[in-house]
Structure formats: C-alpha cells, structure tokens
Protein chains: 2
Amino acid sequence: MTASSPFPPAPHPADPEPRVPPATLASLYARPGFKLRRAHQIALSVFADECRAFEITSTQYGILVALRERPGLDQVGVAQALGLDRSTTGMVVGLLEGRGFLRRDQHATDRRRRVLTLTEEGARLVEAIAPAAERARRRLLAPLSPEEAEALAALLDRLLGHHDALVRVPLMRPGD
Amino acid sequence: MTASSPFPPAPHPADPEPRVPPATLASLYARPGFKLRRAHQIALSVFADECRAFEITSTQYGILVALRERPGLDQVGVAQALGLDRSTTGMVVGLLEGRGFLRRDQHATDRRRRVLTLTEEGARLVEAIAPAAERARRRLLAPLSPEEAEALAALLDRLLGHHDALVRVPLMRPGD
DNA sequence: TCAAGATGATAAGACGACTGACGAGTTGCG
DNA sequence: CGCAACTCGTCAGTCGTCTTATCATCTTGA
C-alpha cells in the first residue's frame, strides 16, 4: 500500500525500480502468463470435447490414472502425484466416489487415512478413455510439427523444473 | 461435435484409432495439457507472489489494463478483449467495483449496457502494479534464455492462433 | 406498430484451485 | 510414559472459469 498520494506516477529519480512503461493491452497479450492461461483454457476445452461421452475432466482422468497405476494410495499421495492441492483432491475424489469409480476405505493401521482404489467400473472407464485422451493430445498439438511439439515440451519442462519448488504442491513421484 | 452415443465416434474413418496402450503416470506427465496446467499454476503463483501487496489477481489486473486503455468498454467488450467468459467477467468486475477500482454507469442511449471506467484509485493502482507485473514476468521466464523465451512465446502463439476459433471466447482486439 | 430476433446482463450450478483452520490420529522425543 | 509436533482428512471461504438459462432491453422487419 504505497500509493496514497493524489498524484499517480510522478517521476521518482531515486526509485530503484526501473521505469516501467504503462501496461497496454498489447503488452498484456505478450505476457507469458497470459498465453499460458489461454493455452491451458484450450487444452481443457479440447480434452472436454474429446471426452464428452464420458463426462469426465482431465483432472478426474488424472486421478483415475494415478489410482490405476498405484492402487491403495491415500488422498495426499494422489495430490502429490498430480500436483494438486489436498482440498481440491478431496473434492474431486469425493465426486469420483459418488459416481462409483473409486472406493475409499479405512487404512488398516492408520485411521487418519482413507485408502483409495478403483472400482471395476473405474478401471473400465480409465481403459475406455485412453483413445479419446490420445485424440485430445494429438488435436491439441496438431498446429505444431513433431519437432515443434518436442521443443514446446522441452521448454515447458525447463520452466516446470526450475519453478517446481516454488509452487505449493510440487510434483512428487510416489513410492520411489 | 455431435457425440450423443455412449462411446465416442471415430471422427475420421481414414484415421483409424490404433491400439492405445494403457495410460501410466509417466504418460500423464508427458501430456502437453498436463504441462500447461502446471505452467499456468506456476504463472499464477508467481504473479500472486509479486503482487501480494496489491491483493490482486492476474485476471483482475487484466481487466484494469483493458479499461485503462479503453475506458467506456462494456462487460462484453472486456470479456472479448481478454478472452474471458461473459459470466466470469461480470463476477470479477463486480469484485473490482466493490473495491472501488471501477465504476459501472448506465450507457447514455443503450440501457442494456453498463459502461465501465476506472476510478482514480483504479487508475493509480494499475500504474502502481506495473513494476510488480514486470517482475513477475521476468521471474517466470528466468529459467529460459531470451531466445528460449522467444521460442516459447512463438510456439504458444502458434497453438493459440490455430485453436482460437475452437475456444468459446476467442480473443478479439476491440475497436480496431 | 408490434412481434421476432439479437444483444447485454445476471443467476444458478458445476468444477478446479488455493488458503486457513480444525479435529482426530500418529509418532517422536525428552 | 506423556506431551509436543507432525500428518491426514475435512470444512469454510474466496476466486476463476465455463455452461445453461432467464430477463430486460434494443433493433428490425413485416
């Protein structure tokens, strides 16, 4: 809360901040965060479109995949495996449980935990979605050549790797 | 985009769905949508961190910038300028109005419209944030060399350009 | 001129995400 | 052993986003 003077940005020679020209819409469009928001929006949209028949979101799909590979994870394990918040995970897991795709049972010894496993139907679903998910991936990357797609993946990996510790929920391969 | 059958149709008969191996966590991590979600998460986080003092989100900042450049836009105009949903825009605009950063007045002739303009305080805020926003941009891109950052921007632009029509709210430079 | 259509705004509901807090349970250490 | 510290799950609250639906208003055309 530094700005309480009636005069907006009077030139301050002693200001350590370099002069920053006023933001314009064009500069907004050029911001990487802006592009990433749009790209994410598009990725969600393409996935939802391809998986329309299953009425499932990419987040829900991620949880099913994680449980298919590692049955018996608890919610925190799922959250860490996918880089999700604990609360978010709890909500989405509750959704999937309500739709009968997974079960939550008490852990044998640690009663704080709920052990998550796919139901038969959940296992069937995650298998059935695979082609649609693959279609979504290809469609999202369609505008890029294979080399460009590779380059994009590499650049994003650089970004993620360096900022991983920064985000509250770093990605964590469970069980290794 | 008419999928009402329980199973997704094969949209391209010439493009038969080959066998799709079962999804693993590793294959999930490799999905571009997954990386984009993480990258977006990080971008939001960095912006929020740098702008902590202003208690503002990147979306709110975008609306302020749009109104600074084009005072008198209506909500639909703001939504189109930023690629936001109309409903989302209405909610965030209501927030900003409640905090005193913008005003909503009746349009002179068209009473359906609400004309949006920054208040003095809103104008001061958007000026004051500029250095923090610039800091966030640089920090987000810090892991990349200038050339890599440029390449990433170009690749994302390719993606956005080709999928723009696909997303329900395409980006639309107002007034050009 | 009046009904039909287009457009702007809002409401309601669902989902994802984060923060902060809290209770129950577990574990480690003095 | 007993208490402190930690962990798991949950809840409440806030925010952003999209969908669908509805309402008010404006414009247009028969």
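In the text below, chain A, chain B and the rest are named by the order of the sequence lines, each starting its count at 1.
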Without decimals, in angstroms, what is the distance between [X] [atom1] and [N] [atom2]?
X: A:Gln80; N: D:dG9; atom1: CD; atom2: P; value: 11 Å
X: A:Asp85; N: C:dA21; atom1: CG; atom2: C1'; value: 13 Å
X: A:Leu84; N: C:dC15; atom1: CG; atom2: P; value: 15 Å
X: B:Leu82; N: D:dG16; atom1: CG; atom2: P; value: 12 Å
X: B:Leu73; N: C:dA9; atom1: CG; atom2: P; value: 11 Å
X: B:Phe34; N: C:dA17; atom1: CZ; atom2: P; value: 10 Å
X: A:His40; N: D:dC18; atom1: NE2; atom2: P; value: 11 Å
X: B:Arg37; N: C:dC18; atom1: CZ; atom2: P; value: 8 Å

Quiz item: Do A:Ser87 and D:dC11 have a side chain to base donor-acceptor pair shorter than 3.5 Å?
Solution: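 Present.
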Holding to side-chain contact (heavy atoms from CB on, under 4.5 Å), I want the full list of residues that pass it with [X], two or more places apart in sequence or in another chain.
X: B:Ala23; value: A:Tyr61, A:Val65, B:Ser27
X: A:Ser87; value: A:Asp85
X: B:Arg113; value: B:Asp74, B:His107, B:Asp110
X: B:Arg103; value: B:Asp105, B:Thr117, B:Thr119

Self-check item: Under-4.0 Å salt bridge between B:Arg138 and B:Glu134
Solution: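 Between B:Glu134 and B:Arg138 there is a salt bridge, with a charged N closer than 4.0 Å to a carboxylate O.
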Quiz item: Salt-bridged, B:Arg99 to B:Glu55, with N to O below 4.0 Å?
Solution: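 Judged by the 4.0 Å cut-off on N to carboxylate O distance, B:Arg99 and B:Glu55 do not form a salt bridge.
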Quiz item: In terms of the nearest nucleotide of DNA chain C, which residue is placed more toward the 5' end: A:Ile56 or B:Val115?
Solution: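 Mapping each residue to its closest nucleotide by heavy atoms, the 5'-most match is B:Val115.
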Quiz item: With sequence neighbours excluded, what pairs up with B:Glu148 under the salt bridge (Lys or Arg N to Asp or Glu O under 4.0 Å) test?
Solution: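 Testing B:Glu148 for salt bridge (Lys or Arg N to Asp or Glu O under 4.0 Å), a comparison that skips the adjacent residues, returns A:Arg158.
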Quiz item: Among all residues two or more places apart in sequence or in another chain, which pass the salt bridge (Lys or Arg N to Asp or Glu O under 4.0 Å) test with A:Glu97?
Solution: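 Listed in chain order: A:Arg104.
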Exercise. Please list residues of residues 91-106 of chain B whose heavy atoms come under 4.0 Å from any atom in DNA chain D, ordered by number; otherwise none.
Key: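 Heavy-atom contacts with DNA chain D come from B:Met91, B:Val92, B:Leu95.
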Exercise. Under 4.0 Å from any atom of DNA chain D, heavy atoms only: list the residues of residues 107-114 of chain A that qualify, in numerical order.
Key: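 Contacting residues: A:Arg112, A:Arg113, A:Arg114.
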Quiz item: Can you name the nearest heavy-atom pair linking A:Leu96 to A:Ile63, along with the distance?
Solution: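 Reported closest heavy-atom pair: CD1-CG2, 3.8 Å.
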Using the side chain to side chain donor-acceptor pair (under 3.5 Å) criterion, which residues pair with [X]? Sequence neighbours excluded.
X: B:Glu50; value: B:Arg135, B:Arg139
X: A:Glu147; value: A:Ser145
X: A:Arg114; value: none

Self-check item: Identified stems (criterion: three or more consecutive Watson-Crick or G-U pairs, under 3.5 Å), DNA chain D
Solution: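 C:1-30 with D:1-30 - these are the stems of 3 or more pairs that involve DNA chain D.
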Quiz item: So, is A:Gln41 near the phosphate of D:dG16, with a side-chain N or O under 4.0 Å from OP1 or OP2?
Solution: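 No.
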Practice problem: Check whether any side-chain nitrogen or oxygen of B:Thr59 sits under 4.0 Å from OP1 or OP2 of D:dT17, and answer yes or no. | Solution: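 For D:dT17, OP1/OP2 do have a side-chain N/O of B:Thr59 under 4.0 Å.
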Quiz item: Looking across every strand, which nucleic acid part, if any, lies under 4.0 Å from A:Glu55 by heavy atom: base, sugar-phosphate, or nothing?
Solution: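 Contact class for A:Glu55: none.
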Self-check item: Listed nucleotide nearest any side-chain atom of B:Arg86, set D:dG16, C:dC15, C:dA9
Solution: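 Between D:dG16, C:dC15, C:dA9, the one nearest the side chain of B:Arg86 would be C:dA9.
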Quiz item: Nearest of D:dC18, D:dC15, D:dG9 to any side-chain atom of A:Gln75?
Solution: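 Out of D:dC18, D:dC15, D:dG9, the nucleotide with an atom closest to A:Gln75's side chain is D:dG9.
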